[in-house]
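Because the structure is a prediction, the values reported are computed rather than measured. Reminder, nothing fancy here: chain letters follow the sequence lines and each chain counts from 1.
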2 protein chains.
Amino acid sequence: METTEAQLMSRAAWLYYLGGLNQEETSVRLGLTRARVNKLLQQARETGLVSISIDRRDIGLMEVEEVIAKTFGLDQCLCTPALGFDAVASLPPVLAEFPRRAVGSVAVSLLRDTLVAKPDCVVGTGWGRTLDQLTRQIAGLKAPRARFVSLMGSLTANSAFNPFEVVQSLARMTGGEGFFLPVPFIADSPADREILMSQRTVSKVLHMARHPDLAIISVGELTEDSLLRQSGMISAAELTALHEAGAVGDTNGIFFDANGLPVDHPLNQRTLAVGFESLRASHVMLLSAGLEKVEATLGLLRNGLVKSLVVDGDAALKIAAAL
Amino acid sequence: METTEAQLMSRAAWLYYLGGLNQEETSVRLGLTRARVNKLLQQARETGLVSISIDRRDIGLMEVEEVIAKTFGLDQCLCTPALGFDAVASLPPVLAEFPRRAVGSVAVSLLRDTLVAKPDCVVGTGWGRTLDQLTRQIAGLKAPRARFVSLMGSLTANSAFNPFEVVQSLARMTGGEGFFLPVPFIADSPADREILMSQRTVSKVLHMARHPDLAIISVGELTEDSLLRQSGMISAAELTALHEAGAVGDTNGIFFDANGLPVDHPLNQRTLAVGFESLRASHVMLLSAGLEKVEATLGLLRNGLVKSLVVDGDAALKIAAAL
DNA sequence: CGCACCGCATTACAAATGTAATTCTATTTG
DNA sequence: CAAATAGAATTACATTTGTAATGCGGTGCG
């Protein structure tokens with residue numbers, strides 16, 4: 001009987017994590033060196049063969065969750081723990097990423113529940129660093145009948161946060177199918193947008209993207225530091241103009257005001273993305289990580305589009321304080 | 001805002017397991033000593049706040065699972081990894097317990113699925129070391145509306161494997177309700193059995209026990225080393241007599257032959273347990289850990305009562321080889 | 001055939017973790 | 001008020017784990 005790499009990982013994991021043997025004992029039992037067992041266990045964690053989950057029950061933010069859910073008529077509001085990360089600037093890189101990781105991890109468990117309940121689900125996704133964290137933590141979740149579709153066009157730059165990448169990793173990791181819109185994210189003119197949207201290959205995917213069972217979106221803030229600005233998708237001048245038009249944030253490249261309504265600005269005529277109204281029929285899950293997104297998040301919440309909110313604890317506290 | 005112990009555990013766990021900080025960094029971040037963080041993390045694992053799960057997909061026994069399931073008309077057959085533990089006698093204590101732990105862990109995940117699907121489930125249970133392992137690993141599973149009921153009377157000795165203990169831990173850990181039969185496991189005579197069974201307190205519980213949604217049972221072998229014999233529930237003479245009557249094993253104190261049918265022996269008239277026929281309407285899940293149980297397991301499987309089998313890999317291989 | 005190369009074993013070392021002993025501190029209790 | 005006590009900080013130490021350096025054996029390829 002041929003023993004594959006995966007089988008070795010599996011055996012090592014069972015003996016080590018469940019059997020309570022240490023790596024030395026495990027290696028003896030399996031007839032391998034300890035170094036090899038160490039590597040196998042590492043792989044087992046990375047590939048999701050072994051997964052560690054943390055119960056969200058007692059982080060002490062239930063009240064905050066309830067207040068937010070009630071105020072905005074959400075089905076559910078889930079917070080990650082508050083850690084007092086106010087001075088984000090001074091944080092080492094690992095911690096700066098923490099809120100997004102945490103939110104991503106909670107989102108994964110919700111996505112898992114959805115896919116278990118409805119294995120042939122259509123899941124629409126946005127883009128960004130939080131969505132990226134979601135894809136990184138989805139290892140081990142199989143959903144061969146699921147379809148993942150991008151709710152928007154792609155970035156031109158080959159960023160890891162590209163909508164294309166998000167959909168691709170989701171499909172690859174789960175064994176499901178991935179669909180994305182083979183068009184830019186923001187067209188050069190409203191007329192170009194129409195042409196792009198009407199391409200047959202595009203409209204086919206768009207049709208699916210307009211009616212996902214679940215839509216997982218995130219929100220962008222409108223500052224010089226925002227991903228949208230940093231990746232050069234919009235210019236400094238456009239940023240200013242958007243502010244003047246009353247915009248406080250964006251989702252999928254749609255810029256909205258403090259009430260979550262799309263602002264009247266040329267950019268909004270050039271965005272290639274599924275509009276808010278199409279998504280009202282879907283279960284919209286908003287992921288929001290980081291204090292800098294509070295204003296934009298509040299705006300989008302006021303729209304009433306969002307059904308589930310996953311937000312990091314510190315941001316949640318700030319949101320609750322602002323009510 | 002008061003920070004409770006549980007909240008500290010939770011924060012430490014998020015930073016350590018999700019954030020990728022080490023214990024030193026975590027302690028600094030939380031303003032605690034490293035030793036304290038170490039203890040918090042330990043507690044977090046023990047209480048089930050943090051849980052580690054291992055994917056059962058690639059242990060390389062799918063074929064075996066399918067053969068067994070098909071042969072006995074099972075809904076599902078799940079194996080734990082085969083580790084070549086043939087020489088059980090020579091194993092150190094930790095490893096001797098391993099197959100039971102592994103089976104228990106898989107059983108927990110099935111129980112979890114059941115309770116998620118039907119939160120007000122009635123779960124009937126047997127007793128034994130494998131069931132004991134199940135209760136030890138159920139931490140973190142909440143099911144306040146579930147009812148756990150013992151399918152049999154209790155041992156007189158205050159063993160940790162007592163049906164009473166099994167039901168109690170299940171109820172305590174999940175927050176559900178526990179019911180057990182306040183009578184001995186084996187009565188002194190058939191007449192005594194009738195009297196005991198007819199007690200009002202007993203018959204009430206018995207009524208529930210006869211129609212559980214899920215029945216989790218295990219199987220006992222008939223040797224000098226068996227738990228039944230070791231705990232003094234049956235005498236050496238009775239053991240011999242049972243052999244002569246064709247018995248190969250027991251479940252809940254009901255002794256059955258190679259075809260899983262109760263044998264004709266006085267002991268079977270003295271057992272206080274829910275009979276096989278009552279359970280046909282329930283989803284019966286059989287847990288079997290250890291090579292010594294192969295014969296008895298085969299017998300019970302032939303009865304056709306069992307819907308789900310969870311079995312350790314080494315035993316599964318032996319079972320498949322015997323087909 | 002011999003050379004390059006890959007994967008793993010071996011070894012050695014550094015870092016992280018688990019744990020026990022001791023001291024400190026605050027709170028209870030006589 | 002002083003003694004007792006419990007819990008946590010501090011410290012120190014042993015064990016375990018992670019990781020890099022080196023070497024060995026087999027495989028493929030020129």
Checklist entry - Who pairs with B:T297 by side chain to side chain donor-acceptor pair (under 3.5 Å), at least two apart in sequence or on another chain? => result B:S288
Next on the checklist: Measure CG/B:L8 against C1'/D:dA9 and give the value in whole Å, please.
Outcome noted: 15 Å
Item to check | A:S53 vs B:S51, side-chain hydrogen bond (donor to acceptor under 3.5 Å, both in side chains): CA-CA, chis, key distance, verdict | outcome: CA-CA 5 Å; A:S53 55; B:S51 65; 3.0 Å; yes
Checklist entry - Could you give the CD-to-P distance, from A:E24 to D:dA14, as a whole number of Å? => result 19 Å
Next on the checklist: Is A:N38 close enough to D:dT17 that one of its side-chain N or O atoms is under 4.0 Å from OP1 or OP2 there?
Outcome noted: no
Checklist entry - Any ion pair linking A:E46 and A:R136 (charged N to carboxylate O, less than 4.0 Å)? => result no
Checklist entry - What closest approach, in Å, do B:E24 and B:S27 show between heavy atoms, and which atom pair accounts for it? => result O-OG, 2.6 Å
Item to check | Helix axis bend for the helix from C:dC1-D:dG30 to C:dG30-D:dC1 - C1'-based end axes, five pairs, 10° rounding | outcome: 20°
Item to check | Short side-chain N/O contact to C:dT19 OP1/OP2 from B:Q42, under 4.0 Å | outcome: yes
Next on the checklist: Test your reading of the model: is there a side-chain donor-acceptor pair from B:R145 to the backbone of B:G176, 3.5 Å cut-off?
Outcome noted: no
Item to check | Length of the CG-P vector between A:L21 and D:dT16, whole Å | outcome: 12 Å
Checklist entry - Within this structure, what is the OH-to-C1' distance between A:Y16 and D:dG18, rounded to whole angstrom? => result 11 Å
Item to check | Side-chain donor-acceptor contact under 3.5 Å, A:S218 with A:T130 | outcome: no
Checklist entry - Once you round it to whole Å, what is the distance between C1' of C:dG18 and CD of A:Q23? => result 14 Å
Item to check | Minimum-distance nucleotide (side-chain atoms of A:N22 versus C:dG18, D:dG18, D:dT16) | outcome: D:dT16
Item to check | Residues A:Q76 and A:S308: side-chain donor-acceptor under 3.5 angstrom | outcome: yes
Checklist entry - Taking atom types as modelled and ignoring hydrogens, do the side chains of B:R11 and B:Y16 form a donor-acceptor contact shorter than 3.5 angstrom? => result no
Item to check | Whole angstrom value for the distance that separates C1' of C:dT17 from CG of B:L40 | outcome: 15 Å
Look for any protein N or O under 3.5 Å of an N or O in nucleotides 9-14 of chain C and output each such pair with its distance, or none.
from: C:dA9; atom 1: OP2; to: A:T33; atom 2: OG1; distance (Å): 3.3

Item to check | Passing candidate, side chain to side chain contact (heavy atoms under 4.5 Å, CB included) with B:L78, options B:L309, B:L110, B:I59, B:V311 | outcome: B:L110
Next on the checklist: In whole Å, I'd like the distance from the CG atom of A:L41 to the P atom of D:dT16.
Outcome noted: 15 Å
